[in-house]
Amino acid sequence: MLVDCLEWRVQNDIDDMLTKPIVPVELYRAIRNSQLIGLSGYSNEGLPVFAVGVGLSTFDRASVHYYVQSHIQINEYRDRIILPEATKKYGRHICKCIKILDMTGLKLSALNQIKLMTIISSIDDLNYPEKTVTYYIVNAPYIFSACWKVVKPLLQERTRKKINVLSGCGQDDLLKIMEYSSLPHFCRKRSSTSSKRADNNADDNCFSLDHPFHKQLYDYIKQQSSVRGRTAPLKQGSVHVTLPEDADEGDIAKILESELEKFEGLEKYPDSFRDLKINDDV
């Protein structure tokens with residue numbers, strides 16, 4: 001399995017995934033509005049809590065490629081940035097997370113996206129195994145049982161064993177393992193008025209592109225893309241210089257300096273001359 005995972009990373013250029021922003025930003029916003037996922041906080045043990053809006057995700061604003069790219073970028077950002085930061089903050093090694101799956105709005109029509117959901121599930125099962133401690137399912141409507149019968153066989157056995165269906169919004173159960181502030185917005189008991197207010201609050205709705213998590217993620221990817229562009233390898237080549245047969249070291253130095261001055265901007269790249277060799281073949 002490890003070899004297959006490494007091959008997958010090489011074939012799909014995964015190590016550079018965080019240097020490839022989805023542009024324009026309007027497209028990325030459309031993806032965020034139709035592929036609902038975000039970081040809502042941390043458990044009492046320091047595990048990142050990821051919220052997933054299964055029922056209301058439509059996956060209809062972009063191609064499958066972009067949804068898969070976005071999913072992988074979140075996985076990579078979690079593993080490279082979120083988990084190491086949590087480890088430092090909580091003073092213990094943290095390498096896993098918790099996921100809370102919101103079934104609000106779930107309909108049988110969601111099964112139309114079964115192909116994409118299978119692709120994403122397979123990516124997680126095969127290439128990011130054992131990254132999730134528990135999957136909590138909340139706000140499950142009556143139709144959930146029918147959908148579950150279709151989806152369950154597509155999951156790895158180890159994944160199925162981690163799924164825990166909670167009653168209602170799950171607030172009471174989840175407060176046993178995390179603070180109220182870390183609960184996703186859909187797990188908080190509110191009046192109808194406060195719910196509407198929360199839906200318009202970007203800091204409260206972790207699905208929104210305006211939420212701090214998604215702002216930091218997108219800014220990080222753009223920054224890495226910029227850095228990668230500046231550090232791209234310089235095109236290498238050769239320069240032919242004709243030297244007089246009776247030229248001494250001083251003459252050679254002057255001739256080389258004169259030739260190099262013809263290449264505008266080379267003074268910006270002193271490392272380019274580190275391995276400069278002079279071929280004295282005539």
Side-chain angles (χ1 to χ4, degrees), residues 31-41 43 47-62 64 67-68 70-71 74-75 96-126 128-178 180 182-192 194-196 198-199 204-208 211:
I31 292 173
R32 292 278 58 83
N33 289 337
S34 55
Q35 182 185 32
L36 305 181
I37 184 172
L39 178 69
S40 65
S43 73
L47 303 182
V49 178
F50 281 90
V52 184
V54 177
L56 295 176
S57 291
T58 57
F59 300 104
D60 60 354
R61 303 289 297 279
V64 170
Y67 286 115
V68 172
S70 174
H71 181 79
I74 290 176
N75 280 356
K96 299 183 179 183
C97 69
I98 292 171
K99 289 186 178 179
I100 303 177
L101 313 183
D102 179 29
M103 298 296 163
T104 298
L106 183 67
K107 300 177 181 178
L108 280 176
S109 58
L111 296 177
N112 294 334
Q113 302 295 339
I114 194 68
K115 180 179 179 180
L116 175 56
M117 291 188 289
T118 301
I119 292 173
I120 289 176
S121 175
S122 297
I123 288 174
D124 286 350
D125 282 337
L126 299 177
Y128 300 94
E130 303 303 325
K131 284 296 183 178
T132 303
V133 175
T134 307
Y135 297 86
Y136 292 104
I137 293 178
V138 301
N139 298 319
Y142 73 94
I143 204 69
F144 170 74
S145 297
C147 294
W148 177 239
K149 289 180 181 179
V150 177
V151 175
K152 184 177 180 180
L154 304 176
L155 303 176
Q156 296 285 335
E157 178 62 24
R158 61 174 177 269
T159 299
R160 293 199 294 266
K161 291 181 178 179
K162 297 177 182 178
I163 294 175
N164 188 354
V165 181
L166 303 181
S167 174
C169 69
Q171 174 176 306
D172 294 339
D173 292 305
L174 293 172
L175 284 177
K176 297 175 183 177
I177 62 171
M178 67 185 71
Y180 183 85
S182 290
L183 289 175
H185 58 282
F186 52 78
C187 289
R188 302 176 183 181
K189 296 178 181 178
R190 302 185 182 90
S191 66
S192 58
S194 59
S195 291
K196 292 179 181 178
D199 290 340
D204 190 64
N205 183 357
C206 62
F207 296 153
S208 171
H211 185 272

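It should be emphasised that the depicted structure is a prediction, and the values quoted were computed from it without experimental measurement.
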Interatomic distance, [X] atom [atom1] to [Y] atom [atom2] [nearest 0.5 angstrom]:
| X | Y | atom1 | atom2 | result |
| --- | --- | --- | --- | --- |
| Leu154 | Lys115 | CG | NZ | 14.0 Å |
| Asn139 | Asp102 | CG | CG | 4.5 Å |
| Asn33 | Arg61 | CG | CZ | 6.0 Å |
| Cys187 | Tyr180 | SG | OH | 10.0 Å |
| Ile37 | Ile74 | CD1 | CD1 | 4.5 Å |
| Leu175 | Leu183 | CG | CG | 5.0 Å |

Can you tell if the side chain of [X] reaches within under 4.5 Å of the side chain of [Y], non-hydrogen atoms only?
| X | Y | value |
| --- | --- | --- |
| Trp148 | Ile163 | yes |
| Leu116 | Val68 | yes |
| Leu174 | Leu166 | yes |
| Gln35 | Ile120 | yes |
| Phe50 | Ile98 | no |
| Val165 | Phe144 | yes |
| Leu126 | Gln156 | yes |
| Ile177 | Tyr136 | yes |

Open item on the list: Whether the side chain of Thr159 engages the backbone of Leu155 through a donor-acceptor N/O pair (distance < 3.5 Å, no angle test) should be reported.
Closed with: no

Open item on the list: For the backbone of Ile114 and the side chain of Thr118, can you confirm whether one donor and one acceptor N or O come within less than 3.5 Å of each other?
Closed with: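 Side chain of Thr118 to backbone of Ile114, a donor-acceptor pair under 3.5 Å: yes, one is there.
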
Open item on the list: Set out, in order, the CA-CA distance, both residues' side-chain angles and the distance that settles side-chain contact (heavy atoms from CB on, under 4.5 Å) for Leu108 and Cys147, then state yes or no.
Closed with: CA-CA 7 Å; Leu108 280 176; Cys147 294; 4.0 Å; yes

Over all atoms of both residues, closest heavy-atom pair of [X] and [Y]:
| X | Y | value |
| --- | --- | --- |
| Leu106 | Pro141 | CB-CG, 3.9 Å |
| Ala140 | Ile137 | CB-CG2, 4.4 Å |
| Ser57 | Gly53 | OG-O, 2.6 Å |
| Lys189 | Cys169 | CG-SG, 3.8 Å |
| Pro48 | Cys97 | O-CB, 3.3 Å |
| Ile100 | Met178 | CD1-CE, 4.1 Å |

Open item on the list: Looking at Asp125 and Arg158, is any side-chain nitrogen of the basic one under 4.0 Å from a carboxylate oxygen of the acidic one?
Closed with: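 No.
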
Task: Cationic N near anionic O, under 4.0 Å, Lys162 to Glu130 - done: yes

Task: Under 3.5 Å side-chain donor-acceptor pair for Ser34 and Tyr67 - done: yes

Task: Residues His71 and Asp124: side-chain donor-acceptor under 3.5 angstrom - done: yes

TODO: Using the ring of Phe207 (Phe, Tyr or Trp, six-membered ring only), decide whether Arg32 places NZ or CZ under 6.0 Å from its centre and within 45 degrees of its axis.
DONE: no

Open item on the list: Name the residue from His211, His185, Arg188 that meets the side chain to side chain donor-acceptor pair (under 3.5 Å) definition with Asp204.
Closed with: Arg188

